[in-house]
Every structure is written in C-alpha cells, then in structure tokens.
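Just so we're clear, the structure is a prediction, and the values are computed from it rather than from any experiment. Order of listing sets the numbers, starting from 1, for every ligand and every atom in it.
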Amino acid sequence: MASSLPPRGSYLKKENAGTARREMGLKVAPRRNVLSAINNGGAEAAPVVEFSGREDVERLLAEKMKGKSKNDFKGRVEQMSDYIKKLRACIRWYMELEDGYLAEQEKLRGTLDAENSRHTQLEAQLSNAIEELKAANLDLTRRCENLEETLSREKSEKLIAAESYEKEMQERELAESSRDLLTVDLERVTHDAKRFSEQLKMVQDTNKRLQEYNTSLQQYNSNLQADASKSGETISKLQKEKSAMMETMAALRECNNSMSSQLESSRASQQEAIRVKEELRKEVECFRAELKQARDDRDHSVAQLNNLNIELANCKEQIGRSSKECESMSTKVSALEETCNTQQDQIQTLQKQLAVATEKLKLADVTAIEAMTGYEEQKEKIKYLEERLAHAESQIVEGDELRKKLHNTILELKGNIRVFCRVRPLLRFHGDSNGLEGASISFPTSVESAGRAIDLMNQGQKLSFSYDKVFDHNASQEDVFVEISQLVQSALDGYKVCIFAYGQTGSGKTYTMMGRPGNDQKGMIPRSLEQIFKTSQSLESQGWEYFMQASMLEIYNESIRDLLAPGRPNSFDMSASKQYTIKHDPHGNTTVSDLTIIDVFSIADVTNLLEKASHSRSVGKTQMNEQSSRSHFVFTLKISGSNKNTGQHVEGILNLIDLAGSERLAKSSSTGDRLKETQSINKSLSALSDVIFAIAKGDDHVPFRNSKLTYLLQPCLGGDSKALMFVNISPEASSVGETICSLRFASRVNACEIGIPRRRTSTSI
Ligand code: ADP
Ligand code: ADP
Ligand code: MG
C-alpha cells in the first residue's frame with residue numbers, strides 16, 4: 001500500500017521549484033518595468049492577445065520583424081513594444097496558470113494528507129486484523145496438531161486392527177485347510193471302506209467260482225469215467241467179435257483139413273483178419289490209455305506224462321505179447337501144415353468127395369466174402385479211432401495249458417510268498433562239543449502240522465511256529481529241492497521268482513543255496529539250473545525255444561561287486577572305478593551298468609560260472625576278512641522263451657539270493673568297520689522286510705529305494721511274482737536267541753500274502 005503512494009521527497013522538490021519560480025518572478029520585475037515602459041510608448045496600437053495553449057506561446061516566440069528598414073527605428077520600436085506587450089500578456093498568462101497550479105497542488109496536498117491519515121488508519125486496522133488472524137492461525141495450527149495426533153493414533157489403531165484381521169484370516173484359512181484335509185481323509189476312509197467291501201465281495205465271488213470250478217471238474221471226471229466205461233463196452237464187443245472170428249477160423253480150418261487149396265486162401269484172409277483185429281485191439285488199448293491220461297492230467301499233469309510213458313511201455317509189452325501169440329499161431333499153423341502133408345494121401349483118396357467138397361468150397365467163398373466185408377468195416381473203425389487219437393492229442397496240448405494255469409493257481413492259493421524253515425544238523429568238526437549241545441528243538445508229528453511246524457523250548461517255555469514247510473536236520477538237499485522245483489518251473493512259465501536264504505552266520509544259508517560239490521550235496525542254485533535246462537530241452541518238442549542270461553553280484557556295505565568281472569576278481573576298493581548303477585525300464589527290465597552278463601546254453605556253462613563266482617567270493621573272503629558272510633550274494637537268471645508253433649512268448653526271471661548273516665549287533669559286539677557292516681546289514685535286511693510287509697499290506701508307497709538289494713529286486717517283488725524265503729536255523733543251544741529272532745521274523749513274513757489281489761482281479765474279468 002505504501003509503495004503505491006509517491007515518496008514524500010518528490011512533493012518537497014515541487015515546493016522548492018515553486019519557490020524558485022517566485023524568486024525568478026521577483027528578479028523579472030525590473031525587466032517588466034522596462035517592457036511596460038516600452039509598451040507604454042505605443043500602448044494605444046497594441047492588440048489584445050489571448051493565450052489558450054502552448055501553440056499560441058510558440059507562435060508568439062516565432063514572430064519576426066516585418067519589413068522595417070534598419071533606419072526606421074520608430075517602426076521597429078513600435079513593433080518591438082507590441083511584441084513586448086504580447087510577451088507580457090503571455091507571462092501574465094503563465095503566472096495565472098502557475099497560481100492555478102499551485103492552488104490545485106495545495107488542494108491535492110490536502111487530499112493526500114487526508115488520504116495518508118486514512119491510510120494509516122487502514123494500516124492500523126490491517127495490523128489489528130493481522131494480529132487477529134495470527135491468533136486465529138495459531139489456534140488453528142494447535143487444533144490441526146491435535147487432529148494430526150488423533151489421526152496418527154487412529155492410524156495405529158487401524159494398523160493393529162488390520163493385523164488382527166489378517167491373523168484372523170490366516171487362522172480361518174488354516175481352519176479351512178484342516179477342514180479340507182479332514183474331508184479328504186473322510187473321503188479316503190469311505191473310499192477304503194467301499195474298496196474293502198468290494199474286495200470282500202470279490203473274495204466271496206472267487207470262492208463261489210472256485211466251488212463252481214470244482215463241481216465242473218467233478219462233472220468232467222464223471223464224463224471221463226462214462227467215456228471209459230463206454231470204451232470198455234466197445235472193447236468187450238470187439239472181443240466178442242474176435243471170438244466169433246475165432247470160431248469162423250476153426251470152421252475154416254476144418255474145411256482146410258479136407259481141402260488144402262481152400263485152406264490156403266481162407267488162411268490168408270483169416271490171418272489178415274487176425275492182424276487187423278490185433279491192430280484194432282492195440283489202437284483201442286492206446287485210446288484207453290489216452291483217455292486215462294487225460295483224466296490223470298487233471299489230477300497231476302506231470303504224472304500224466306509219466307503214465308503215458310508207462311502206458312506206451314504197456315502197449316509195447318502187449319505188442320510183444322501179441323507178436324508172441326502170432327508166433328505160436330504160426331507154429332500151430334505149421335504143425336497143421338505137417339498134418340496136412342501127412343493127410344495128402346488121404347486127400348487123394350478123398351478126391352471122390354471133391355465134388356461134394358466143391359460145393360463146400362463155394363460156401364467157404366461166401367464166408368471169405370463175409371470176412372472181407374468185416375475187414376472193410378474194421379478199417380473204417382480204425383480210421384474213426386485214428387481221428388479220436390488226433391483229438392486226444394490236441395486235448396493233451398490243451399491239458400498242458402490247463403496244467404500251467406492250474407499250477408499257477410495252486411502256487412497262488414499257497415500264497416505268492418512262502419516261507420520254508422530248515423534246521424541244520426549239529427556240526428562236530430574239532431571233537432570239542434563246547435556250546436554244541438543241541439537246543440531243544442522238536443517237530444510236531446500230528447497230521448495237520450507234520451512237516452509244517454517247529455517247537456522250541458526256551459527257559460522252560462515252549463514256543464511253537466508253523467510255516468509252509470519245515471525241514472528237520474535229516475532233510476537232504478534233494479528233499480528240499482523237490483519242494484521248490486514247482487517254483488523254479490514258474491520261472492520257465494514266465495514268472496519272476498525270488499528265493500532268499502535268511503539266517504544267522506553258520507546256519508546253513510550258503511549250504512542250502514550253493515551246497516558242496518558232489519551230486520548229493522549240491523544246493524538249490526545248481527539244482528534249479530539243472531531242472532531249468534532239462535525242462536527247457538523237453539519243451540523243445542512242443543516248439544519252445546529258450547534263451548538264458550546269467551549274472552552274479554555281491555552287495556557289501558551298499559556297494560555292488562561283479563562276481564563275473566573278467567580278469568582278476570576285483571576288490572571292493574577297486575570297484576570304485578565302476579558305477580554299477582541300477583536302472584529299471586518301463587517294461588520291468590532291470591539293468592545294472594557295467595555288470596557282466598553271460599549268455600548260457602548248457603548246464604556246463606552255468607557250472608563254470610558258479611565255480612568262477614565262488615572262487616572270486618572265496619578270494620574276497622580271505623582278503624576281506626570273511627566278507628562273504630557280511631554281504632548279500634545275488635544270482636540272477638533271465639529266461640526268455642518263445643514258441644514258434646503257438647507264437648507265445650514268456651520272460652521269466654529267477655533270482656537266488658544268499659543273504660548276509662542276520663545276527664544282531666549285541667551278539668557280535670561289533671566296533672569300527674564291523675559295526676558299520678553290521679549296521680548296513682541290519683539296515684538292508686530290515687529294508688527287505690519293510691518292502692515285503694508294505695507289499696502285503698497293499699501300501700501305496702513301497703520303500704524299494706531304502707536299500708540296494710530291494711531296489712535291485714524291485715520288479716521281482718510284488719505283482720504276480722513269486723518269492724520264497726528259506727529261514728536257516730542253527731540247532732546249537734548257544735544260538736537260541738538268534739534262532740528265536742529268525743523264527744519270529746519268518747512267522748511275520750509267512751503271514752504275508754502277496755499277489756492274491758492281482759489274481760482276484762484277473763478272475764473277475
Ligand atoms: P551260512 O552260509 O548260513 O553262514 P553255511 O552254509 O556256511 O552257513 O553252513 C555252515 C556250516 O554248516 C558249513 O560247514 C556247512 O557245510 C554246514 N552245513 C550247513 N547246513 C548243513 C546241512 N543241512 N547238512 C550238513 N552240513 C550243513
Ligand atoms: P557264511 O556263509 O555264514 O559267511 P562262510 O561261507 O564264510 O559262512 O563259511 C561257512 C563254512 O563254509 C566255513 O566252515 C568255511 O570253511 C566253508 N566255506 C565257505 N566258503 C568256502 C570255500 N569257498 N571253500 C572252502 N570252504 C568254504
Ligand atoms: Mg554263507
């Protein structure tokens with residue numbers, strides 16, 4: 001506001017200027033006097049001049065002397081006084097103007113002062129107003145601060161509230177997820193319950209179907225018996241026919257006595273007839289044998305094959321017998337011929353009776369023709385019987401298929417995992433019997449448990465166990481093998497088979513699996529291989545061709561050693577250079593990288609391999625401080641067979657495993673490396689049992705990967721594969737603790753039934 005007003009100094013300058021002009025006016029006065037004196041000289045002629053503005057003044061200043069000569073002073077004075085008058089008027093106008101200006105200035109100054117005072121008043125008012133505003137502002141800022149404080153407090157409260165809300169949300173989510181889990185559990189449980197009831201229904205179905213199958217088998221049996229009685233009738237009819245023929249022959253022989261020529265022809269036809277009859281009888285016998293064979297097939301197909309052979313031998317015997325009969329007949333005939341010769345004379349004497357005889361000859365011709373027609377009929381019968389024979393042969397092939405199925409059914413009904421217990425005899429090598437007294441082991445002999453149970457006395461307490469089979473100390477290797485031969489047969493039929501030997505060190509695992517050299521003492525491995533080669537050769541006649549590959553390895557402290565590696569048997573430390581990683585492909589084939597696999601074509605090949613393996617194992621034993629009992633030995637035979645007649649193809653695997661000693665830590669009081677070994681063995685054995693129990697329970701997850709051994713055998717455990725476990729027992733009293741452990745473990749395995757569900761699904765389809 002102050003800036004819009006002019007500075008006071010400028011008013012002062014104007015005042016000074018006014019004063020200066022007034023002083024100038026004073027000084028001018030004497031000149032005005034001069035001028036007025038001039039003007040007064042010619043005042044009458046002087047024109048009255050009016051000034052209205054600056055232009056008039058300028059025109060006046062620009063006025064010039066007009067046409068007056070230099071000497072015309074009078075004219076010039078007049079002109080000049082005129083001009084002076086004009087100038088005076090002009091000056092007067094200026095002075096008036098100045099006065100007007102001064103008055104106006106005074107007036108303005110008054111107004112200015114009034115304005116100034118008003119301004120100061122306004123200023124005072126303004127400053128008051130500012131003060132008020134300031135106070136108001138202060139008040140407002142204070143209120144603002146208060147509000148901000150409240151705001152921040154509310155914000156923090158809001159934050160806390162948000163946090164608690166979030167927490168609540170989380171809790172709610174947690175609760176929801178647990179609710180979801182619970183609903184899933186509930187669903188699974190209901191699903192399980194449904195599945196179990198379905199399984200129960202399926203079991204009942206299977207049971208019913210088996211009963212039906214049984215009744216159909218009984219029907220089949222009675223049919224076969226009816227067939228047999230029918231063929232017996234046919235045989236008796238034929239025998240009757242035969243006796244009739246014999247009678248005819250006797251009649252013919254009588255004729256022959258009288259007529260030799262007729263005799264010759266009749267004899268020839270009769271002999272033919274006899275031969276045909278013999279052949280027929282032989283065929284009938286064969287057929288009956290075949291029928292019997294087919295019936296036996298149902299009971300036991302292998303026995304049926306043997307029966308066939310026996311029947312064949314019988315037939316041969318009968319053929320021999322009938323050829324003997326033929327011989328005796330021919331001797332009789334020659335005797336008759338002799339008689340004939342002696343009677344030749346009589347014939348001549350009887351030539352008169354020839355005419356009568358001719359008639360009789362005609363009669364004989366008729367008989368011969370009859371014999372011929374009989375021969376034709378019998379020929380047809382032979383053809384019919386041949387057809388029946390071909391049919392019977394095709395039934396044999398079908399019977400073999402049925403045998404395979406029934407064999408598998410029997411094994412499945414026995415349970416796909418079976419447990420055999422074998423007790424070793426007491427050993428007395430060094431003549432000292434310390435700790436060699438036998439523990440009180442006994443074998444119940446009651447009908448239902450004979451060969452299946454074992455009783456053990458421990459601290460006056462009797463413990464009873466029962467398994468699929470129990471072999472006492474008298475059982476020979478052959479006795480044991482008979483029981484597993486069916487399982488070995490399954491490998492040829494295309495199944496995956498595992499046979500384990502379990503037990504403490506020295507209980508006879510290696511003896512059972514490998515045995516000692518010599519025919520009687522051979523173990524399960526050589527015997528199985530012999531059976532496989534023998535059976536595969538006998539199946540060649542049915543069109544089967546088999547190809548086999550063998551591998552042998554040892555698992556020690558979870559590392560694999562190749563027992564067939566070429567060159568010097570390598571030690572475990574050297575094997576680090578080879579990977580031996582186990583891989584399974586989607587078709588159920590297992591490969592171990594770098595492992596030696598050898599094609600085998602005969603028993604001799606395998607015997608060589610077994611020798612080589614036992615050599616590298618025994619070398620390992622001396623160098624590695626009895627590693628053989630601290631490692632698992634796995635023999636694997638891959639069998640692939642194909643039938644070029646039927647186009648069938650089978651892939652079987654036979655695993656024979658000598659497990660490491662099962663003794664527990666406490667007894668072997670291990671330390672250091674031994675401790676590590678024992679822990680590793682315990683781990684892998686418990687991994688094996690975990691796998692077996694998981695499969696038996698039908699768990700979703702089976703922990704195959706927990707040990708090298710179970711991972712290696714993964715495709716051969718479970719499914720429709722078959723497993724057998726030998727539990728070897730030492731009879732010494734000092735081993736009772738370990739023996740009880742082994743028997744308990746075996747009982748638990750024996751309670752498992754692996755593979756039954758698979759069978760159930762396959763029958764329900
Ligand atoms: P493991 O392999 O379980 O440690 P072995 O098979 O080596 O036990 O057996 C220990 C000893 O007992 C060996 O000398 C073996 O020949 C002998 N032996 C084991 N079982 C029998 C048996 N059934 N008959 C005769 N000797 C046996
Ligand atoms: P385990 O099978 O419990 O490890 P071993 O096989 O080490 O037991 O030994 C058991 C018995 O078999 C011992 O008496 C040993 O002399 C004998 N034995 C084992 N392997 C051989 C071998 N390769 N040569 C000769 N005897 C052996
Ligand atoms: Mg052994």
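- With ligand atoms numbered from 1 in the order given, ligand 1 contributes 4 (O) to contacts under 4.0 Å with heavy atoms of Thr505.
- Contact of the Cys421 side chain with the Phe726 side chain is not registered, since no non-hydrogen atoms from C-beta on lie closer than 4.5 Å.
- Of the polar atoms of Gly506, at least one N or O is found under 3.5 Å from an N or O of ligand 1, judged by distance alone.
- Every N/O-N/O distance between Thr512 and ligand 1 stays at or above 3.5 Å.
- Comment: Lys638 does not engage Glu651 in a salt bridge, judged by the lack of any side-chain N to carboxylate O separation of less than 4.0 angstrom.
- Short contacts between ligand 1 and Gly508, defined as distances under 4.0 Å to a heavy atom of the residue, involve ligand atoms 1 (P), 3 (O), 5 (P), 6 (O), 8 (O), 9 (O), 19 (C), 20 (N).
- Every atom of ligand 1 is numbered from 1 in the order shown, and the set under 4.0 Å from a heavy atom of Gln504 is 3 (O).
- Taking only nitrogen or oxygen atoms, main chain and side chain alike, Asp658 does not reach within less than 3.5 Å of ligand 1.
- Residues Met513 and Phe633 fail the side-chain proximity criterion, which asks for heavy atoms closer than 4.5 Å.
- In this structure, the side chains of Phe635 and Leu610 come closer than 4.5 Å at one or more pairs of heavy atoms.
- For the pair Tyr580/Lys708, no side-chain contact is recorded, criterion being any heavy-atom separation below 4.5 Å from C-beta on.
- Looking only at side-chain heavy atoms (C-beta outward), Lys509 and Gln504 stay at 4.5 Å or farther from each other.
- Metal site remark for the Mg ion (ligand 3): Thr505 contributes no N, O or S atom at a distance under 2.8 Å.
- Close approach of ligand 1 to Arg516 (heavy-atom distance below 4.0 Å) involves ligand atoms 15 (C), 16 (O), 17 (C), 26 (N).
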